[in-house]
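Okay, structure first, notes after.
Chain letters run A, B, ... following the sequence lines, proteins first and then strands; every chain starts at 1.
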Number of protein chains: 2
Amino acid sequence: METMSWNQQIVKKNNKALVLQLIMEKEPISRADIAQVSGLHKATVSSLVNELLEEDLIYESGPGESSGGRRPVILHFNKVAGYAVGIDIGVNYVLCILTDLKGNILIEKNQSVKRTPYPTIMTIIQSMIQSIIAEMPASRYGIVGIGVGVPGIVNKQGSILLAPNLGWTNIQLKKDLEDLFNLPVIIENEANAGAFGEQQFGAGQDFQNILYISAGIGIGVGIILNKELFQGKNGFSGEMGHMIIDINGKPCSCGSRGCWEAYASENALLELANSDSLELLIELAENHDETAQRLFREIGTYLGYGINNIINTFNPDQVILGNRLALARQWIEQPIRTTIENHTLAHHQKEMHLDFPKLGKYSTSLGVSAFVVEKFIKEEVKSS
Amino acid sequence: METMSWNQQIVKKNNKALVLQLIMEKEPISRADIAQVSGLHKATVSSLVNELLEEDLIYESGPGESSGGRRPVILHFNKVAGYAVGIDIGVNYVLCILTDLKGNILIEKNQSVKRTPYPTIMTIIQSMIQSIIAEMPASRYGIVGIGVGVPGIVNKQGSILLAPNLGWTNIQLKKDLEDLFNLPVIIENEANAGAFGEQQFGAGQDFQNILYISAGIGIGVGIILNKELFQGKNGFSGEMGHMIIDINGKPCSCGSRGCWEAYASENALLELANSDSLELLIELAENHDETAQRLFREIGTYLGYGINNIINTFNPDQVILGNRLALARQWIEQPIRTTIENHTLAHHQKEMHLDFPKLGKYSTSLGVSAFVVEKFIKEEVKSS
DNA sequence: TAATCTTTGTTTGTTGGATATACAAAGATA
DNA sequence: TATCTTTGTATATCCAACAAACAAAGATTA
């Protein structure tokens with residue numbers, strides 16, 4: 001049952017969370033401004049602010065500009081009250097960052113890997129975290145959690161059921177990390193994390209309903225609806241790489257045929273080009289190589305078909321095309337836009353934004369670190 | 001700004017709504033049971049129940065069975081405190097029902113139509129509502145609102161932007177009905193309404209995330225996520241009839257090509273069969289007509305492709321195949337299931353339910369009437 | 001320059017809802 | 001018959017938001 005009914009304590013916690021959220025979003029801000037914006041009485045704001053001050057989640061920075069009377073006391077979010085670890089496990093790299101509570105990167109560890117058996121990756125992760133802990137500055141709350149983004153199917157309990165490109169099945173990474181470091185751990189699908197990262201810190205900050213397409217070796221989609229990640233019943237939502245776009249199409253490794261990612265992923269591109277480097281193809285295109293340019297146009301068109309399906313399905317505010325193929329933005333953007341214009345329902349196109357990531361290779365790692373921070377803040381506010 | 005901050009009044013309203021909801025779902029129920037289930041103190045429940053009694057939203061039916069002590073007073077939802085009108089506008093019919101607050105149909109008006117210009121339909125609707133008002137039993141709140149389901153694109157303000165099969169563009173049905181009857185009016189897309197109807201009263205009562213496919217002349221999809229209708233940015237979500245499933249496929253009336261509804265709708269079937277009656281084809285199939293049976297298998301397979309895409313995208317609890325093609329369940333169900341088994345990701349298939357409507361032709365009309373009731377209950381509880 | 005007005009934030013007291021306690025009613029059980 | 005249980009109400013208490021008064025500090029104006 002838990003939280004069916006409401007009472008004063010819940011009201012207080014929610015108002016406290018609201019005050020903190022306003023400070024995070026709108027700092028520098030005064031108590032009076034918070035009262036104004038939130039609708040809470042200024043006495044209420046004062047009392048909640050004082051609690052947050054005692055918890056070191058915010059701090060005062062002295063008087064601000066007067067607007068005709070007594071000068072306000074300026075409040076700030078204490079973004080260094082603690083730190084979060086964000087890890088992005090790719091097919092040929094592991095990226096590990098330490099961020100403050102506002103998603104600024106303080107430390108970064110990057111290692112490319114050739115093979116990806118779980119023990120190998122686990123060893124790398126472990127030593128990365130250990131050295132980050134050693135380098136990290138002191139703070140009130142220390143590391144508030146570890147987030148990991150994985151290219152695979154992750155259930156809501158944090159088990160990695162399947163990560164084909166890593167060769168993993170049924171990996172209990174969450175439990176292993178929790179046992180090692182005794183910290184909260186969040187495991188998420190890489191596309192979901194990227195979506196959240198861009199929504200929190202990147203291209204999606206102004207939008208409510210965002211579809212983030214992670215176009216890399218395969219294609220996954222992170223779905224943000226009403227500013228919240230949508231996970232589906234078990235956490236498997238967004239496997240749109242295996243959306244059929246050609247019923248008579250070519251077989252896919254998943255056993256189906258005509259899947260989107262068989263046409264519009266990095267893998268599909270490299271297969272078409274008979275190449276093994278996206279970067280090389282981009283360089284060719286930049287040097288006016290007709291074939292490379294044509295191949296990108298083709299991939300862009302295929303991406304457009306899938307995005308058409310996404311837009312007609314979700315009527316989103318924004319679609320973000322992320323991950324590796326975003327590197328080829330210059331060559332694929334126009335074909336995508338043209339395909340949408342020619343296929344997607346007119347009403348759905350209006351006010352729809354097609355954008356590219358602002359966080360570059362950090363979308364996923366920042367996303368999981370943001371999950372960790374969100375969880376920390378929520379529990380910190382509730383517990384006191 | 002409105003409801004950013006919380007206070008005691010909001011707590012009370014939500015607890016009152018919770019108590020009412022429990023009575024609606026679990027009647028017959030006693031005050032003690034409500035306290036048990038909700039976690040509210042029995043004194044609180046007592047006071048809220050007394051308010052609801054005064055508002056005639058619930059009533060007492062005398063003592064129930066003792067469980068070892070004083071006998072409880074049994075409470076019921078007063079489903080006849082008011083009534084709702086639900087209207088389903090189809091391409092060749094208008095269906096109008098009057099329901100009580102629990103979705104039981106009291107009066108039904110049905111009229112088939114040949115042509116669908118707006119004034120014609122409006123006249124029909126108007127006289128239907130008028131005669132329903134005349135026949136309706138007396139009640140405390142009378143008609144609490146009018147809901148209308150339309151096969152077209154409806155925005156969140158209730159304007160019908162486009163209903164191609166009715167030949168309508170930019171119709172202000174909501175305003176016109178409000179002016180005529182001075183009652184709250186809700187206009188919704190027919191698939192969204194069907195989804196809500198089945199979720200409230202039909203096949204979807206046990207599920208959180210439901211995709212309701214309205215397969216008729218065209219295909220639309222109603223999306224229920226976490227028990228709530230998802231509408232997208234403007235209210236246009238679920239236009240999956242225009243999801244591309246064959247990039248080299250045949251042109252669609254929307255200007256695109258390879259759209260799902262060009263392959264898997266009633267229209268597609270009739271075109272293939274060179275017929276103009278679904279009912280006739282079903283009769284043929286029942287009389288062992290090989291061609292008809294083969295055609296249904298084909299349509300079933302095409303439906304399966306689209307459902308595959310839906311499942312991989314949403315990881316839903318349930319997919320409901322509704323509207324006209326559900327009449328051919330006997331002939332299309334197996335091909336659909338086979339297609340899903342052969343294409344959809346294994347993890348997504350587990351625990352996924354493919355079902356057919358339980359409300360038959362009433363899915364949409366019951367859905368809009370349920371929208372009306374939901375709005376009424378919400379406002380009634382808040383206002384006192 | 002002094003008087004007044006504004007804005008900010010705190011202090012003190014009030015309000016309204018949930019909760020705790022006591023209790024009455026009514027039936028089950030020993 | 002005495003005791004225990006369960007249901008529901010009445011009364012008192014608690015707690016968070018709110019309201020009012022006020023102090024601090026600066027702006028404005030006569």
Side-chain angles (χ1 to χ4, degrees), chain A residues 1-20 22-23 26 28-54 58-75 381-382 384, chain B residues 1-19 22-23 28-54 58-75 381-382 384:
Chain A
M1 286 307 110
E2 212 167 310
T3 51
M4 292 187 70
S5 64
W6 294 19
N7 53 35
Q8 287 185 73
Q9 288 81 312
I10 294 185
V11 169
K12 178 174 177 184
K13 282 168 187 170
N14 277 277
N15 284 336
K16 192 166 160 187
L18 172 62
V19 168
L20 179 56
L22 285 173
I23 296 173
K26 298 190 198 289
I29 189 170
S30 67
R31 289 169 176 78
D33 290 337
I34 294 172
Q36 174 79 39
V37 174
S38 67
L40 290 167
H41 196 276
K42 43 186 189 157
T44 310
V45 172
S46 226
S47 129
L48 294 173
V49 160
N50 288 336
E51 285 189 26
L52 291 169
L53 281 169
E54 282 195 5
I58 61 173
Y59 64 93
E60 297 179 332
S61 71
E65 283 301 295
S66 163
S67 63
R70 171 174 165 184
R71 295 166 69 186
V73 177
I74 300 300
L75 301 170
V381 169
K382 307 274 167 183
S384 51
Chain B
M1 287 306 111
E2 213 165 311
T3 50
M4 291 185 71
S5 64
W6 294 19
N7 54 34
Q8 287 184 79
Q9 287 83 312
I10 295 185
V11 169
K12 177 174 178 183
K13 281 166 188 171
N14 277 276
N15 284 336
K16 192 165 160 186
L18 172 61
V19 168
L22 286 173
I23 296 172
I29 191 172
S30 68
R31 289 168 175 81
D33 291 337
I34 294 171
Q36 174 79 39
V37 174
S38 68
L40 290 166
H41 196 275
K42 44 187 190 156
T44 310
V45 172
S46 224
S47 127
L48 294 173
V49 160
N50 287 337
E51 285 189 25
L52 291 169
L53 282 169
E54 282 195 5
I58 61 173
Y59 64 91
E60 297 179 333
S61 71
E65 283 302 296
S66 162
S67 62
R70 173 176 164 181
R71 295 166 70 185
V73 176
I74 299 300
L75 301 169
V381 170
K382 307 273 166 185
S384 50

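The nearest heavy atom of DNA chain C to B:K42 and to A:V73 marks one nucleotide each, and the one closer to the 5' end goes with A:V73.
Applying the side chain to side chain contact (heavy atoms under 4.5 Å, CB included) criterion to A:K26, with sequence neighbours excluded, gives A:L22, A:I29, A:V37. In this structure, the side-chain hydrogen bond (donor to acceptor under 3.5 Å, both in side chains) partners of B:E60, at least two apart in sequence or on a different chain, are B:R31. Among residues two or more places apart in sequence or in another chain, the side chain to side chain contact (heavy atoms under 4.5 Å, CB included) test is passed with B:P63 by B:R71. In this structure A:D33 satisfies the side-chain hydrogen bond (donor to acceptor under 3.5 Å, both in side chains) test together with A:S30, sequence neighbours excluded.
Here the C1' atom of nucleotide D:dA16 and the CD1 atom of B:I10 are 13 Å apart, to the nearest Å. The CD-C1' distance, from A:Q36 to C:dG9, rounds to 15 Å in whole Å. Distance B:E65 CD to D:dT6 P: 15 Å, rounded to the nearest Å. Atom C1' of nucleotide D:dA17 and atom CG of A:N14 are separated by 14 Å, given to the nearest angstrom. Put simply, CD1 on B:I29 is 12 Å from P on D:dT7, counting in whole angstrom units.
The closest side-chain heavy-atom distance from B:L75 to B:I34 is below 4.5 Å. Put simply, the side chain of B:K12 reaches to within 4.5 Å of the side chain of B:E51, judged on heavy atoms.
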Using a cutoff of under 3.5 Å, can you pull out all pairs of nitrogen or oxygen atoms linking the protein to nucleotides 16-18 of chain C, with atom names and distances?
unit_1, atom_1, unit_2, atom_2, d
C:dG16, N2, B:Q8, OE1, 3.1
C:dG16, N2, B:Q8, NE2, 3.2
C:dG16, N3, B:Q8, OE1, 2.8
C:dG16, N3, B:Q8, NE2, 3.1
C:dG17, O4', B:Q8, OE1, 3.2
C:dG17, N2, A:Q8, NE2, 2.7
C:dA18, OP1, B:N15, ND2, 3.2

Just the table, please: protein N/O against nucleotides 24-28 of chain D N/O, every pair under 3.5 Å.
unit_1, atom_1, unit_2, atom_2, d
D:dA25, N3, A:R70, N, 3.3
D:dG26, N2, A:G68, O, 3.3

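Under a 3.5 Å cut-off, the side chain of A:T44 and the backbone N or O of A:L40 do not form any donor-acceptor pair.
With respect to A:I58, the side-chain contact (heavy atoms from CB on, under 4.5 Å) criterion is satisfied by exactly one of A:L20, A:N50, A:V19: A:L20.
Nucleic acid contact for B:A32: sugar-phosphate only, since backbone atoms but no base atoms lie under 4.0 Å from a heavy atom of the residue.
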